[in-house]
Amino acid sequence: MKKYLETLQRCSLFENIDPNRLPMMLQNLGVKRQQFAKGQQVFFEGDPAKEIGIVLSGQVQVVKEDYYGNRNLVAQIEPSQLFGEAFACAGVEALPVSVVAVCESEIMLIRCEQIIAPQEADEFHNQLVHNLLYVVASKNLILSRKIELISKRTTKEKLMAYLLSEAKHKGTASFRIPYNRQELADYLGVERSAMSAELSKLKKEGKINFHKNSFVIL
């Protein structure tokens, strides 16, 4: 666990927690680590939501598939980031999404009840609960942004709304996005071919420039 302490210190769940107390806190929480191969399911849709995941290494994606197998990318989770916390806190009996390892990944799993269960007075545990509430609230804001994006009527509108939002978030007109073309199409809920055609049109119109996942708003 020691080799992942630096990663965990960057995790929003452990913000303002004394790094020297972190190993003991993890032990008290009864955390476990698991390795997952590329394409392996971390959480299955339909499973009860009991655990919060933290990516220690690698990368996972939160995905939703409809009846026909169409895949929608809900979120991409990098090292030190959490997933599943909103569902676990709500005690959802059947997860509405799956979590899949994009590459070989190591995940820390924490039972949510270990965090929110009443404890003896402990400033660090109180901070942990505060951090968890903050993370859940922040994820709700991100979800609201996603809903706003996919509510746009056309593929072009969805693309421009996403790219302008990323530029604003990064504070620069030149930026990189975390998705390849298929992942971006899945995230926006559009067909890849239609999206690629719109990207080419926007480039010809002089509104954007791009190379792979690097973009410039013109």
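What you see is a predicted model, and the numbers here were worked out from it, not measured in a lab. One is the number of the first residue; the rest follow in order along the sequence.
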In terms of heavy-atom contacts, does [atom1] of [X] have more than 12 from other residues, nucleotides or ligands at under 6.0 Å?
X	atom1	result
Gln41	CD	yes
Lys170	NZ	yes
Glu65	CD	yes
Glu205	CD	yes
Lys64	NZ	yes

Any [X] side-chain heavy atom under 4.5 Å of [Y] side chain:
X	Y	answer
Gln34	Glu106	no
Tyr187	Lys146	yes
Ile52	Phe83	no
Lys38	Val102	no
Phe175	Ile217	yes
Thr154	Leu159	no
Val63	Val97	no
Val42	Val100	no

Looking at [options], which hits side-chain contact (heavy atoms from CB on, under 4.5 Å) with [X]?
X	options	result
Tyr162	Glu157, Lys152, Arg145, Glu148	Arg145
Val31	Met25, Gln114, Arg111, Met108	Met108
Ile107	Leu56, Ile54, Val60, Val99	Val60

Reported [atom1]-to-[atom2] distance for the pair [X] and [Y], which is rounded to 0.5 angstrom:
X	Y	atom1	atom2	value
Glu166	Thr172	CD	OG1	12.0 Å
Ile177	Lys212	CD1	NZ	13.5 Å
Cys89	Leu133	SG	CG	7.0 Å
Cys11	Glu6	SG	CD	13.5 Å
Ile17	Leu128	CD1	CG	5.5 Å
Leu188	Leu73	CG	CG	9.5 Å

Search all heavy atoms of [X] against all heavy atoms of [Y] and return the closest pair with its distance.
X	Y	value
Ala101	Ala37	CB-O, 3.4 Å
Gly58	Cys103	CA-SG, 3.7 Å
Ile115	His125	O-NE2, 2.8 Å
Glu191	Ala185	C-CB, 4.3 Å
Asn209	Lys203	OD1-CE, 3.0 Å
Leu95	Ala49	CD2-CB, 3.7 Å

Kindly say whether [Y] contributes a backbone atom to a donor-acceptor pair with the side chain of [X] at under 3.5 angstrom?
X	Y	answer
Lys139	Leu82	yes
Asn213	Asn180	no
Gln35	Ser105	no
Thr155	Met195	no

Less than 3.5 Å apart, any donor N or O on the side chain of [X] or [Y] sitting next to an acceptor on the other?
X	Y	value
Glu15	Tyr134	no
Arg10	Gln81	no
Arg181	Ser196	no

Evaluate the side chain to side chain contact (heavy atoms under 4.5 Å, CB included) criterion for residues Glu51 and Leu109: first the C-alpha distance (whole Å), next the side-chain angles of each, then the deciding distance (0.1 Å), finally the verdict.
-> CA-CA 6 Å; Glu51 295 178 312; Leu109 297 171; 3.8 Å; yes

Looking at Phe43 versus Phe87, is the centre-to-centre ring distance below 6.0 Å?
-> no

Worked verdict on Leu8 versus Leu26 for side chain to side chain contact (heavy atoms under 4.5 Å, CB included) = CA-CA 10 Å; Leu8 291 171; Leu26 295 174; 3.6 Å; yes

Taking only residues two or more places apart in sequence, or in another chain, which ones meet Glu78 in a side-chain hydrogen bond (donor to acceptor under 3.5 Å, both in side chains)?
-> Gln59

Go through Glu113 and Lys50 one step at a time and tell me if the salt bridge (Lys or Arg N to Asp or Glu O under 4.0 Å) criterion holds.
-> CA-CA 8 Å; Glu113 62 185 25; Lys50 296 181 178 180; over 6 Å; no

Begin with the C-alpha distance, continue with both residues' side-chain angles, and end with the deciding distance and a verdict on side chain to side chain contact (heavy atoms under 4.5 Å, CB included) for Val216 and Leu218.
-> CA-CA 6 Å; Val216 180; Leu218 302 175; 3.8 Å; yes

Among all residues two or more places apart in sequence or in another chain, which pass the ring-ring contact (aromatic ring centres under 6.0 Å, His included) test with Phe215?
->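 Partners of Phe215 by the ring-ring contact (aromatic ring centres under 6.0 Å, His included) criterion, ordered by chain and then number, come out as Phe210.
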
Group every Ile, Leu, Val, Met, Phe, Trp and Tyr by side-chain heavy-atom contacts under 4.5 Å, then state whether [X] and [Y] land in the same group.
X	Y	answer
Val62	Leu149	no
Leu13	Leu5	yes
Leu29	Val55	no
Phe14	Met24	no

Could you point out which residue of Glu183, Gln182, Gln61 forms a side chain to side chain donor-acceptor pair (under 3.5 Å) with Arg71?
->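 Among the candidates, only Gln61 passes.
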
Side chain to side chain contact (heavy atoms under 4.5 Å, CB included) evaluation trace for Ser12 with Asn131 = CA-CA 7 Å; Ser12 53; Asn131 290 347; over 6 Å; no

